[in-house]
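Start at 1 with the first residue, then count along the sequence.
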Amino acid sequence: MRDNINFLATAIGSLPHSNPQDAIDLIFETIGNAPLCPQLSKVNPNEDMLTQYTENFPGIKIDTKTNKRYADFNSDDYFTALEELFVDFEEIISSDELNDEILKKYGISDEYYSAFPIFIKRLKEEQPEYVKGQIIGPFTFGTSTLDTEKKCTFYDETYREVITKTLTMKALWQVNEFKKVAPKTKPIIFIDEPTMSQLGTSAYITVSPDDVKATINQIAETLHQYDIIVGMHCCGKADWETVLDSKLDLINFDAFFFSQNFSLFATSLDKFLNRGGLIAWGIVPTLDTDALQNTNINKLINIYENAKNLLVAKGIKENKIIKASIITPSCGAGSLNIENATIAMKYLKELSANLKQKYCTEVK
């Protein structure tokens, strides 16, 4: 990790804008040193997190009557795509350099990522120290995508491999596009796993945490080959034990509401930090409009302080926490209106600056 990553600000996937240029301008104005290309579902519904990564995804079909996606394991084109994916993946992991020709097959078009061409142009101009991309997590994708028998595709061992490998390729496609225009910029990929909050509940009682961890580890191991920081975002209570024991570099959670729950995993978190792990504190509330409108910068600073102190009280050294801290919103801002999303992003910028001013001279 780089020395100045502490209190870096970045964001989670979505914004509510219908104008991609306005969204990109806001991103670079507020988190210019770790920008991301936002998902803009108001520009096109295809940019919804559960849809955006389905483009050219092996086995995925759209029901023309319901307009819902499903996985068909029996079609000829699925078996062709399956074979091609596994060959492509082996080619990728056996090379030290990203293969542009292969990764283009797994790219995301403008119809699914309207702001991406604008973002790439701005990335080339700004040359920030970090750049963030994101993919939907395999557990969330596999439990929200059904097969032709109405079963969650995550339960199918072969298709779980298809999901994991395809999403990895889509992450690498983003990184490859970043590197073309900003080769010295350090890439970060977040795996967005909101369904992780349901792991171990009655809804997914038959899902093995080891299977979930295996998908995370496969993505992380592959991305690590290309010097990518790999994180996971979950905006609810979660089985952080499974995540902290994985090969991820970073974990991102809703620190505004769930710091107490997070502190229950302090022993595992301490081990995670000892091996260089990072905490991305989701402090600016974006899932609760009332909470956002009733907060201020001092309250947000106090939320970080209180959350940090919960971990210190559990025996984790304060300096270790400070060095590992990144600041984000609690979740994406796509459900807010533009005015509130702008407020949230400006709070994010101000909070990062305040915490850097307070702590960064202490941690050098």
Side-chain angles (χ1 to χ4, degrees), residues 4-12 26 29-34 132 190 194 197 231-238 240 243-244 250-270 272-273 277-333 335-337 339-364:
N4 63 346
I5 201 166
N6 47 300
F7 302 115
L8 181 78
T10 192
I12 316 305
L26 179 61
E29 175 190 342
T30 53
I31 54 169
N33 202 35
K132 175 184 174 285
F190 273 29
S197 64
M232 196 197 80
H233 162 75
C234 178
C235 49
K237 293 182 180 179
W240 293 111
V243 179
L244 291 165
L250 179 155
I251 49 175
N252 176 227
F253 76 107
D254 181 347
F256 191 90
F257 285 116
F258 297 117
S259 291
Q260 186 75 45
N261 168 259
F262 187 69
S263 71
L264 298 176
F265 301 90
T267 300
S268 295
L269 177 62
D270 198 26
F272 178 76
L273 296 177
L278 302 168
I279 309 171
W281 305 82
I283 292 177
V284 181
T286 48
L287 293 178
D288 187 322
T289 302
D290 289 339
L292 177 64
Q293 292 178 339
N294 289 316
T295 198
N296 58 53
I297 192 63
N298 290 328
K299 287 182 180 179
L300 296 176
I301 291 170
N302 286 337
I303 286 171
Y304 172 77
E305 297 284 356
N306 292 335
K308 169 177 64 66
N309 290 339
L310 283 171
L311 298 180
V312 173
K314 295 289 183 72
I316 303 179
K317 292 181 179 179
E318 182 180 44
N319 202 44
K320 188 190 300 183
I321 298 167
I322 291 168
K323 286 183 176 180
S325 290
I326 290 174
I327 305 300
T328 74
S330 60
C331 197
S335 62
L336 300 173
N337 60 33
E339 180 182 2
N340 284 326
T342 301
I343 290 170
M345 294 298 291
K346 288 183 176 179
Y347 271 141
L348 182 65
K349 179 181 180 179
E350 189 176 1
L351 179 62
S352 172
N354 273 266
L355 291 174
K356 281 182 180 181
Q357 183 177 19
K358 181 173 183 178
Y359 287 113
C360 282
T361 56
E362 300 175 15
V363 300
K364 287 182 180 178

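Here CG of Asn309 is found 12.0 Å from CD1 of Ile316. Values are rounded to the nearest 0.5 Å. Taken from CG in Asn306 to CD1 in Ile301, the straight-line distance is 12.0 Å, to the nearest 0.5 Å. Expressed to the nearest 0.5 Å, how far CD1 of Ile297 lies from CD of Glu350 amounts to 4.0 Å. Distance check, rounded to the nearest 0.5 Å: CD1 of Ile279 to CG of Leu273 gives 4.5 Å. Interatomic distance, Ile283 CD1 to Ile327 CD1, rounded to the nearest 0.5 Å: 4.0 Å. For the atom pair Leu26 CG and Met345 CE, the distance stands at 5.0 Å (nearest 0.5 Å).
When all heavy atoms are compared, the tightest approach of Phe253 to Ser259 is CE1-CA, 3.9 Å. Across all their heavy atoms, Ala266 and Leu311 have their closest contact at CB-CD2, 4.5 Å. Residues Ala333 and Ala341 come closest through the heavy atom pair CB-CB, 4.0 Å. Of all heavy-atom pairs spanning Ala344 and Leu336, the tightest one is CB-CD1, 4.5 Å. For Asp254 against Cys235, the heavy-atom pair with the smallest separation is CB-O, 3.5 Å. The shortest non-hydrogen separation linking Ile12 to Gly332 is CB-N, 3.6 Å.
The aromatic rings of Phe262 and Trp281 sit perpendicular to each other, their planes meeting at more than 60°, with 30° as the lower class boundary.
No side-chain donor-acceptor contact under 3.5 Å links Tyr359 and Ser325. The closest side-chain donor-acceptor pair between Ser330 and Thr286 falls under 3.5 angstrom.
Other residues, nucleotides and ligands contribute only 12 or fewer heavy atoms inside 6.0 Å of the CD atom of Gln260. The number of heavy-atom neighbours closer than 6.0 Å to NZ of Lys346, taken from other residues, nucleotides and ligands shown, is 12 or below.
Among pairs with a residue in residues 302-312, those fulfilling salt bridge (Lys or Arg N to Asp or Glu O under 4.0 Å) read Glu305-Lys308, Glu305-Lys358, Lys308-Glu318, at least two apart in sequence or across chains.
Proximity of Tyr347 to Thr30: side-chain heavy atoms (C-beta onward) are nowhere separated by under 4.5 Å. Counting only heavy atoms from C-beta outward, the side chains of Leu269 and Ile251 approach each other to under 4.5 Å.
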Applying side-chain contact (heavy atoms from CB on, under 4.5 Å), run through Asp288 and Phe257 and close with a yes or a no.
CA-CA 10 Å; Asp288 187 322; Phe257 285 116; 3.8 Å; yes
Evaluation steps, ring-ring contact (aromatic ring centres under 6.0 Å, His included), between Phe7 and Tyr304
CA-CA 11 Å; Phe7 302 115; Tyr304 172 77; 5.5 Å; yes
Verdict with reasoning, Leu300 to Asn354, per side-chain contact (heavy atoms from CB on, under 4.5 Å)
CA-CA 10 Å; Leu300 296 176; Asn354 273 266; over 6 Å; no
Run Phe272 and Val243 through side-chain contact (heavy atoms from CB on, under 4.5 Å) and show every step you take.
CA-CA 10 Å; Phe272 178 76; Val243 179; over 6 Å; no
Let's go through Cys360 and Asn6 carefully: what are the C-alpha distance in whole Å and the side-chain angles of both, what is the deciding distance for side-chain contact (heavy atoms from CB on, under 4.5 Å) to 0.1 Å, and is it a yes or a no?
CA-CA 7 Å; Cys360 282; Asn6 47 300; 3.1 Å; yes
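Looking at Thr295, its side chain never comes within 3.5 Å of a backbone N or O of Leu292 through a donor-acceptor pair.
Salt bridge status for Asp270 with Lys314: absent, with no side-chain N to carboxylate O gap under 4.0 Å.
By the side-chain hydrogen bond (donor to acceptor under 3.5 Å, both in side chains) test, Ser335 pairs with no residue at all, sequence neighbours left out. Taking Asn337 as the reference, Asn340 meet the side-chain hydrogen bond (donor to acceptor under 3.5 Å, both in side chains) condition, with sequence neighbours excluded.
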